[in-house]
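Here the structure is laid out as structure tokens; the discussion comes afterwards.
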Amino acid sequence: MTRFVLKRLAGAALVLLALSVLVYGLFYLAPGDPARLACGERCNPQQIAQVREQIGLNESVFAQYLHFLQGVFVGRDHSTGTSVVHCDAPCLGLSYQSDQQVTQLVLERLPATASLALGAMVVWLLVGVGTGLLSALRRGGITERALTVLTLAGTGTPVFILGLLLLMAVCAHLQWLPFPSYVPLGEDPEQWAWNMLLPWIALGLFESAKYARLTRSSTLETLAEDHIRTFRAYGVGERSVVTRHALRGAVPPVIAISAVDLGSMFGGAVLTESLFGIPGLGKTLIDGVRQIDLPVVVGVVMVMGTAVVLANVLADLLYAAADRRVVLT
């Protein structure tokens with residue numbers, strides 16, 4: 001187990017290094033001048049050149065990339081034009097637009113994204129697994145057909161359409177809830193939960209369609225195996241067959257994919273965050289790309305990439321724990 005984790009973490013480090021190189025390369029191919037955006041529209045060419053020198057854009061791409069790696073591993077001093085800021089590792093640089101440390105910016109936005117992802121995971125597991133299991137147990141009946149239609153409809157409905165429908169139905173027409181306005185958990189837990197309810201439902205329902213299909217196919221495959229027929233032949237009750245044996249074969253893939261999807265949500269919930277005004281990592285990344293803010297873009301992408309890589313390692317471990325037949329190498 002330890003050897004497997006160390007090998008995967010070493011591979012993850014190489015993937016993240018390649019990802020940072022790719023982001024840097026794409027950034028310098030993009031149109032626009034970060035120094036002009038950071039300085040403002042009223043700046044003259046001399047002021048723009050001064051800002052470019054202060055934020056290090058006069059250096060070569062390779063030198064700037066080495067400075068970034070230095071900041072990640074050992075920390076470094078950053079000039080903001082008015083002062084010199086020192087940050088310890090890991091330090092992802094300073095934003096061109098706000099002079100704020102990217103590490104601090106990520107830590108401020110991370111709780112919003114994490115709460116959205118975790119809440120949505122609870123929804124998609126409850127709805128998706130429950131729907132898929134019921135569909136498998138009612139195979140061939142009207143219940144199974146109705147659930148199949150709903151699953152296909154959920155698969156083909158984009159999350160922003162589903163979110164808009166929920167806003168119009170729940171907030172505008174029925175007026176059961178006010179329009180969501182993000183409140184940090186530490187300020188008011190009750191208001192935080194009420195304002196996150198619709199985003200959880202929208203994102204969770206969108207993802208639940210996949211889990212319904214996965215659970216249904218895994219359950220049907222398990223129910224068709226020889227040992228299940230043997231249990232039934234010996235007179236084991238249907239409830240015991242389903243809960244103690246059939247679900248055992250259906251749970252491992254659901255657990256593994258849930259871990260991967262949870263990691264992907266740290267960068268894949270951009271539409272949900274934008275629609276419901278959640279100040280998370282996805283919205284921060286979009287703002288950084290729009291403002292050509294390289295430190296913010298690279299920092300957020302690295303955090304998202306780390307979440308995805310670690311989620312894949314966790315998925316392998318959980319799959320092996322749920323299915324003893326899996327051997328980690």
Side-chain angles (χ1 to χ4, degrees), residues 87 90 92 94-95 97-130 154 157-208 211 258-259 261-291 293 296 299-304 306-308 310-311 314:
C87 56
L92 299 173
L94 298 178
S95 169
Q97 302 299 318
S98 63
D99 289 338
Q100 184 179 6
Q101 290 189 26
V102 176
T103 307
Q104 184 63 33
L105 181 64
V106 168
L107 292 177
E108 291 176 358
R109 304 298 177 87
L110 186 61
T113 298
S115 62
L116 174 63
L118 290 171
M121 184 179 70
V122 173
V123 174
W124 79 53
L125 286 177
L126 291 176
V127 177
V129 174
T157 304
V159 65
F160 65 90
I161 296 295
L162 188 58
L164 286 174
L165 291 176
L166 286 173
L167 286 174
M168 289 188 295
V170 177
C171 300
H173 182 65
L174 299 175
Q175 296 184 356
W176 288 347
L177 292 173
F179 283 91
S181 177
Y182 181 76
V183 177
L185 175 62
E187 292 184 8
D188 191 334
E190 183 179 356
Q191 289 299 318
W192 167 81
W194 282 114
N195 284 283
M196 291 296 294
L197 184 59
L198 287 184
W200 286 338
I201 294 175
L203 188 57
L205 289 179
F206 174 73
E207 292 289 334
S208 65
Y211 287 88
S258 293
D261 284 344
L262 179 62
S264 301
M265 285 297 109
F266 281 82
V270 178
L271 292 176
T272 307
E273 291 181 358
S274 300
L275 179 62
F276 292 98
I278 300 174
L281 292 179
K283 191 174 184 300
T284 303
L285 177 61
I286 296 300
D287 293 340
V289 172
R290 186 182 298 113
Q291 298 169 352
D293 199 340
V296 173
V300 174
V301 168
M302 294 298 292
V303 171
M304 292 177 175
T306 302
V308 172
L310 293 180
L314 179 61

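This one's a predicted model, so the numbers in the text were calculated from it and none came from an experiment.
The distance from the CZ atom of Arg109 to the OG1 atom of Thr284 is 4.0 Å, given to the nearest 0.5 Å. A distance of 8.5 Å separates CG of Asp293 from CG of Leu105, quoted to the nearest 0.5 Å. Taking CZ of Phe276 as the start and CG of Leu271 as the end, the distance is 11.0 Å to the nearest 0.5 Å.
Counting all heavy atoms, side chain and backbone alike, Ala112 lies closest to Ile278 at CB-CG2, 3.8 Å. Between Gly288 and Val296, the shortest heavy-atom contact is CA-CG1, 4.3 Å. Nearest heavy-atom pair, Asn195 versus Gln191, reported as atom, atom and distance to 0.1 Å: ND2-O, 2.6 Å. Residues Val308 and Gly263 come closest through the heavy atom pair CG2-O, 3.8 Å. Nearest heavy atom pair, residue Cys171 against residue Pro180, reads SG-CD, 4.2 Å. Across every non-hydrogen atom of Thr113 and Gly280, the tightest pair is OG1-CA, 3.2 Å.
Residues Asp287 and Lys283 meet the side-chain proximity criterion, which asks for heavy atoms closer than 4.5 Å. The shortest distance between side-chain heavy atoms of Met304 and Leu285 falls below 4.5 Å. In this structure, Leu198 and Leu167 have side chains that are in contact, with non-hydrogen atoms separated by less than 4.5 Å. At least one side-chain heavy atom of Ile201 sits under 4.5 Å from a side-chain heavy atom of Leu197. Side-chain contact check for Tyr211 versus Ser258: some heavy-atom pair is nearer than 4.5 Å. The shortest distance between side-chain heavy atoms of Leu116 and Met265 does not fall below 4.5 Å. Here the side chains of Val102 and Val106 are in contact, with some heavy-atom distance below 4.5 Å.
In this structure, the side chain of Glu273 engages the main chain of Gly282 through a donor-acceptor pair within 3.5 Å. Here the side chain of Ser208 pairs no donor or acceptor atom with the backbone of Val127 at under 3.5 angstrom.
In this pair, Trp192 and Trp200 present their aromatic rings perpendicular. The plane angle is above 60°, beyond the 30 to 60° band.
The one candidate from Leu275, Thr272, Leu166 that meets the side chain to side chain contact (heavy atoms under 4.5 Å, CB included) condition with Pro199 is Thr272.
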